[in-house]
K.L.:
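Sharing a structure with you now.
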Protein chains: 2
Amino acid sequence: MSDAKNQNTTVEAATRGADAQSRAEIRRAAFLEAAQEVFLEQGFEAASMSEIVRRAGGSLTTLYAQFGDKEGIFLAMLETRMKEVTAALDVELQTHTPVEEGLRRIGEQFAGKLVQPNSLELYRLIVGLAKKFPDLAQTFMKLGPNKVREGLAAYLQDRADAGEIPQSDDFEQLGSLFLDMVRSPLQSRALLSQAVRPCAEDVRVSVERAVSIFLYGLAGKR
Amino acid sequence: MSDAKNQNTTVEAATRGADAQSRAEIRRAAFLEAAQEVFLEQGFEAASMSEIVRRAGGSLTTLYAQFGDKEGIFLAMLETRMKEVTAALDVELQTHTPVEEGLRRIGEQFAGKLVQPNSLELYRLIVGLAKKFPDLAQTFMKLGPNKVREGLAAYLQDRADAGEIPQSDDFEQLGSLFLDMVRSPLQSRALLSQAVRPCAEDVRVSVERAVSIFLYGLAGKR
DNA sequence: AATTTGGTGTAATGCGGATTACATTGCAAG
DNA sequence: CTTGCAATGTAATCCGCATTACACCAAATT
């Protein structure tokens, strides 16, 4: 119902190519930017569609035409942001770096993103909305945690094949374990008290500890 | 402004003693019970004061007289529930059980409470509200996580004094580490997908792993 | 220049709910 | 019995928004 984005004529699309943005695309980007601001600042319920328009320019009518409804623009914003955030991780995860160094880098990347105020805020929102809008939570999981977990599992498999760590039949679970170790100490405090903002040093400590415990544990197994 | 609860006359209060509940106290309990239901079911914003009254009986007017406003009754409900939940833990934490067994029991108690649908739901709510109502989050932390953490730290200190584990200058942090290990794997999934309900077996596995990694790690330290 | 396509601004329309006002009722003490 | 005080039920009062309707513009294609 809301595929306004794809209503370019074939001719038009071919003429301009992918580089120049149509008015619609510019508008869309501005809406998404403003939506992120407003949602993260005020929360889903409190955020007002008019406020988004106020900041993005344009009109309510166009906003609705492009995204359908409030949940629609939130979802679009979520997808956009998740892709931005996981982009860097993808790169990191494709290398063949030795385990210890690799885990450290992945951990830093991951934790670094995680503790950014915007990420914390977004996570807060998703958790709060998960019951009422299960599909938002699904999308978040698919584009966020699951993506990272799969990538890490593949990396661990690669390292196991290289003989650096013992083989396992469930690297996904081991990966989750590692990610949880990195994440929990940083996130649990920050989610509940806006005063506490984990700093770079906190991140380093958390990652370092996770890496050593994880490898120590792996070595102890089988 | 809302101390209607204490407006018994001296005579009346002396006559009845502390066992029989005044009408006001009965009302209050019913309100709190209904409020918990409605808030957990519908979330803070979606919950309606009228719905609470509908289930509890009584009247809107009385509800407002006793709790002031919507945040007020939520806070009262939160305090009540947190005290119920941590009561059992207090007992567990005062024993002098050997570490491994003690950690296992504490872990089970803690995790068991944690994965109850009501607890998960409440946590979801608190996280979602933390930005808009920081005092709710504060109260939650004080009556929940902090309480448990302090108790566990004291227990660990006790065990260290008994020579079972090495001394440390920060048992609070070590305690947090243990609790995070127990909590994360169980909570992270369940918070985002209402389909996933951790079962007793999940709890056991999570606790067992946390205990062994924790003790293994402690032993390894100097 | 004309036409099409989508954009703009503004002003309804509706709904849902927090919060309060009011008139009434029951209980208990003098 | 009656006087007073708190509880009740109901029905306003107010607000704030999501969402839609309407009437008018801008640009690009023909």
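By convention in this document, chain letters (A, B, ...) are assigned in the order of the sequence lines, proteins followed by strands, and residues within each chain are numbered from 1. All values below were derived from every heavy atom in this structure, side-chain atoms included, with hydrogens, water molecules and symmetry-related copies excluded.
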K.L.:
With a 4.0 Å limit, can you tell me whether A:R27 has a side-chain N or O closer than that to the phosphate oxygens OP1/OP2 of C:dT8?
P.N.:
yes

K.L.:
Whole-Å distance between D:dA18 P and A:F67 CZ?
P.N.:
15 Å

K.L.:
Taking N or O atoms only and anything under 3.5 Å, show me the protein contacts with nucleotides 17-20 of chain C, one pair per line.
P.N.:
unit_1, atom_1, unit_2, atom_2, d
C:dA18, OP1, B:A47, O, 2.7
C:dA18, OP1, B:K70, NZ, 2.9
C:dA18, OP2, B:M49, N, 2.8
C:dT19, OP2, B:Y64, OH, 3.0
C:dT19, OP2, B:K70, N, 3.3

K.L.:
Can you list the residues that meet the ring pair (Phe, Tyr, Trp, His ring centres under 6.0 Å) rule with A:Y155, with sequence neighbours excluded?
P.N.:
none

K.L.:
Tell me: CG of A:L63 to C1' of D:dT20, nearest whole Å?
P.N.:
13 Å

K.L.:
By ring pair (Phe, Tyr, Trp, His ring centres under 6.0 Å), which residues pair with A:F171, not counting sequence neighbours?
P.N.:
none

K.L.:
Nearest whole angstrom, please: distance from the C1' of C:dG16 to the CZ of B:R54.
P.N.:
12 Å

K.L.:
Can you check whether B:T62 has a side-chain N or O nearer than 4.0 Å to OP1 or OP2 of D:dT8?
P.N.:
yes

K.L.:
Check ring pair (Phe, Tyr, Trp, His ring centres under 6.0 Å) between A:F110 and all other residues, then give those that pass, not counting sequence neighbours.
P.N.:
none

K.L.:
Applying side chain to side chain donor-acceptor pair (under 3.5 Å) as the test, list every pair that has at least one member in residues 45-54 of chain A; sequence neighbours left out.
P.N.:
A:E51-A:R54, A:E51-A:R55

K.L.:
Once salt bridge (charged side-chain N to carboxylate O under 4.0 Å, His left out) is applied, do any residues pair with A:D202, and if so which ones, sequence neighbours excluded?
P.N.:
none

K.L.:
Would you mind reporting whether A:F67 and A:L63 have side-chain heavy atoms less than 4.5 Å apart?
P.N.:
yes

K.L.:
For B:Q66 and D:dA6, give me the distance from atom CD to atom P, rounded to whole Å.
P.N.:
13 Å

